[in-house]
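Because only heavy atoms are used, hydrogens play no part in the values below, and waters and symmetry mates are left out as well, while side chains stay in. Per chain, numbering begins at 1; letters A, B, ... match sequence-line order. On a predicted model such as this, the values are computed, not experimentally measured, just so you know.
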Protein chains: 2
Amino acid sequence: MVVDQLRDADLDRLFQAFADATRRDIVTRVTAGEYSVSGLAEHYAMSFAAVQKHVAVLERASLVTKERRGREQIVRAHHDGLQRARRLLDEYETIWRQRADRIADILAEG
Amino acid sequence: MVVDQLRDADLDRLFQAFADATRRDIVTRVTAGEYSVSGLAEHYAMSFAAVQKHVAVLERASLVTKERRGREQIVRAHHDGLQRARRLLDEYETIWRQRADRIADILAEG
DNA sequence: CTATTCTACAACCAAATGGTTGTAGATCAG
DNA sequence: CTGATCTACAACCATTTGGTTGTAGAATAG
């Protein structure tokens, strides 16, 4: 199974984006409210540029979008992206859970 | 919010482990049946050592375990680890979905 | 107009990642 | 015992990652 390249690359970017506590926190924040990039940066013990890069990673993973408003860039949760992420996680989770359940059943029988 | 360090590190390792197509494929395989490390390695266009490293990453993320059987090392899905992964993903997903739903409602009203 | 704020982006750096080859120790087959 | 197989691990390499500082351009405030 060489698997679907497109989907693979998307999943790579998705999980990679989630594999950092700062980025997960950013996603949590922007699903709750509006933040400019500098507004986000205030909350982390790192440079503005570093936060800018984290936002860029989330953007490439289609988890957030940016929209310019005056001199600020507003970061928002990208709902299509988040939904897509959920669906992909669900699929994986379903496969693994079904198999895990089947194995649990077999172990229970034994 | 400086968040829970332990959980953060676990989540980092978890998502990092998932952020590679080969590793996701390995997890899928070992949830379905038994594989030795070399048995797994047969399926990928990379060296045995590379696959060994991927398995090690999954092991550190508590997603698989290894058990020696003769000269082979059998790789198995670690069900506690997978369950834990599921629970963590569910939590995140719940937070995000609730917020996304709320926002969707607001947008629908407007 | 000027100063400040917000963003973009380049250059740089250390550490981690994902791969390789090579060597060596166990275990099994004949 | 000997040879083949399976694993472990070290050393190495190129690329990516996560951070930094510095420079420069747009937009706003006064």
J.: Is the ring centre of His43(B) less than 6.0 Å from the ring centre of Tyr35(B)?
T.: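 Ring centres of Tyr35(B) and His43(B) closer than 6.0 Å.
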
J.: To the nearest angstrom, how far is Asp25(B) atom CG from dG18(C) atom P?
T.: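 To the nearest whole Å, that distance equals 15 Å.
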
J.: For a quick test of reading the model: is some side-chain N or O of His54(B) closer than 4.0 Å to OP1 or OP2 of dT17(C)?
T.: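 Checking dT17(C) against His54(B), no side-chain N or O comes under 4.0 Å of OP1 or OP2.
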
J.: Given atom CD of Glu42(B) and atom C1' of dC6(D), what is their separation to the nearest angstrom?
T.: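 Nearest whole value for this atom pair: 12 Å.
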
J.: Distance from Lys66(B) atom NZ to Gln52(B) atom CD, nearest 0.5 Å?
T.: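 Separation between the atoms: 6.5 Å.
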
J.: OP1 or OP2 of dA8(C) versus the side-chain N and O atoms of Gln73(A): is any pair under 4.0 Å?
T.: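 Yes.
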
J.: Does a side-chain N or O of Gln52(A) approach OP1 or OP2 of dA8(C) to a distance below 4.0 Å, or not?
T.: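 Result: yes.
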
J.: Determine whether a donor-acceptor pair (N or O, by modelled atom type, separation under 3.5 Å) exists between the side chain of Glu59(B) and the backbone of Thr65(B).
T.: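 Between the backbone of Thr65(B) and the side chain of Glu59(B) there is no qualifying donor-acceptor contact (under 3.5 Å).
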
J.: To the nearest angstrom, how far is Glu67(B) atom CD from dC6(D) atom P?
T.: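 Answer to the nearest Å: 18 Å.
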
J.: Please report, rounded to the nearest Å, how far the P atom of dT17(D) is from the CZ atom of Phe18(A).
T.: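 Phe18(A) atom CZ is separated from dT17(D) atom P by 16 Å.
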
J.: Send over the distance from Asp12(B) CG to dT17(C) C1', rounded to a whole Å.
T.: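 Between C1' of dT17(C) and CG of Asp12(B): 15 Å.
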
J.: Could you tell me whether a side-chain N or O of Arg69(A) sits under 3.5 Å from a main-chain N or O of Ser36(A), the two making a donor and an acceptor?
T.: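 No.
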
J.: How close do Arg13(A) and Ala61(A) get, counting heavy atoms only, and between which atoms?
T.: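 Smallest interatomic distance, heavy atoms only, reads O-CB, 3.7 Å.
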
J.: With a non-hydrogen cut-off below 4.0 angstrom, is Thr22(B) in contact with a base, only sugar-phosphate, or nothing?
T.: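 Counting heavy atoms under 4.0 Å across all strands, no contact is made by Thr22(B).
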
J.: Within the structure, does a side-chain N or O atom of Ser38(A) lie under 4.0 Å from either OP1 or OP2 of dT7(C)?
T.: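 True: Ser38(A) side-chain N/O within range (under 4.0 Å) of dT7(C) OP1/OP2.
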
J.: Does one hydrophobic cluster hold both Val64(B) and Val51(B), with members joined at side-chain heavy-atom distances below 4.5 Å?
T.: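 Yes; Val51(B) is reachable from Val64(B) via cluster members.
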
J.: Pick the closest DNA chain D nucleotide for Val57(A) and for Gly70(A) by heavy atoms, then say which residue is nearer the 5' end.
T.: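 Looking at DNA chain D, the more 5' nearest nucleotide goes with Val57(A).
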
J.: Honestly curious: do Val57(A) and Leu40(A) fall in one hydrophobic cluster under the side-chain, below-4.5 Å linking rule?
T.: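 No, it is not one cluster - the side chains of Val57(A) and Leu40(A) are not joined through contacts under 4.5 Å.
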
J.: Measure from CG on Asp8(A) to P on dG18(C) and round the result to the nearest Å.
T.: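 After rounding, the gap between these two atoms is 14 Å.
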
J.: Quick one: is dA8(D) close enough that its OP1 or OP2 comes under 4.0 Å of any side-chain N or O from Lys66(B)?
T.: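 Yes, within the criterion.
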
J.: Measuring from Arg24(B):CZ to Leu11(A):CG, what's the distance to the nearest 0.5 Å?
T.: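 These two atoms lie 4.5 Å from each other.
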
J.: Between C1' on dG19(C) and CZ on Arg23(B), what's the gap in Å once rounded to a whole number?
T.: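 Rounding to the nearest Å, CZ of Arg23(B) and C1' of dG19(C) are 12 Å apart.
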
J.: Just call it for Arg69(B): base, sugar-phosphate, or nothing, with non-hydrogen atoms closer than 4.0 Å on any strand.
T.: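 No contact.
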
J.: Spell out, as yes or no, whether a donor-acceptor pair under 3.5 Å connects the side chain of Arg23(A) to the backbone of Phe18(A).
T.: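 Looks like no, no N/O pair under 3.5 Å.
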
J.: What is the distance, rounded to the nearest whole Å, between atom CZ of Phe15(B) and atom P of dT17(D)?
T.: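 Spelled out: CZ on Phe15(B) to P on dT17(D) is 17 Å.
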
J.: Looking at Val75(A), Val27(A), Val30(A), which one forms a side-chain contact (heavy atoms from CB on, under 4.5 Å) with Leu58(A)?
T.: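 Result: among Val75(A), Val27(A), Val30(A), Val27(A) is the only option passing the side-chain contact (heavy atoms from CB on, under 4.5 Å) with Leu58(A).
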
J.: Between Ala19(A) and Ser36(B), which residue's closest nucleotide on DNA chain D lies nearer the 5′ terminus?
T.: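 Looking at the nearest nucleotide for each, Ser36(B) comes out on the 5' side.
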
J.: Measure all distances between protein nitrogen or oxygen atoms and nitrogen or oxygen atoms of nucleotides 20-26 of chain D, and list the pairs falling under 3.5 Å.
T.:
from: dT20(D); atom 1: OP1; to: Ser47(A); atom 2: N; distance (Å): 3.4
from: dT20(D); atom 1: OP2; to: Ser47(A); atom 2: N; distance (Å): 2.9
from: dT20(D); atom 1: OP2; to: Ser47(A); atom 2: OG; distance (Å): 2.6

J.: Might you list the N or O atoms of the protein lying below 3.5 Å from N or O atoms in nucleotides 13-16 of chain D, with each pair's distance?
T.:
none

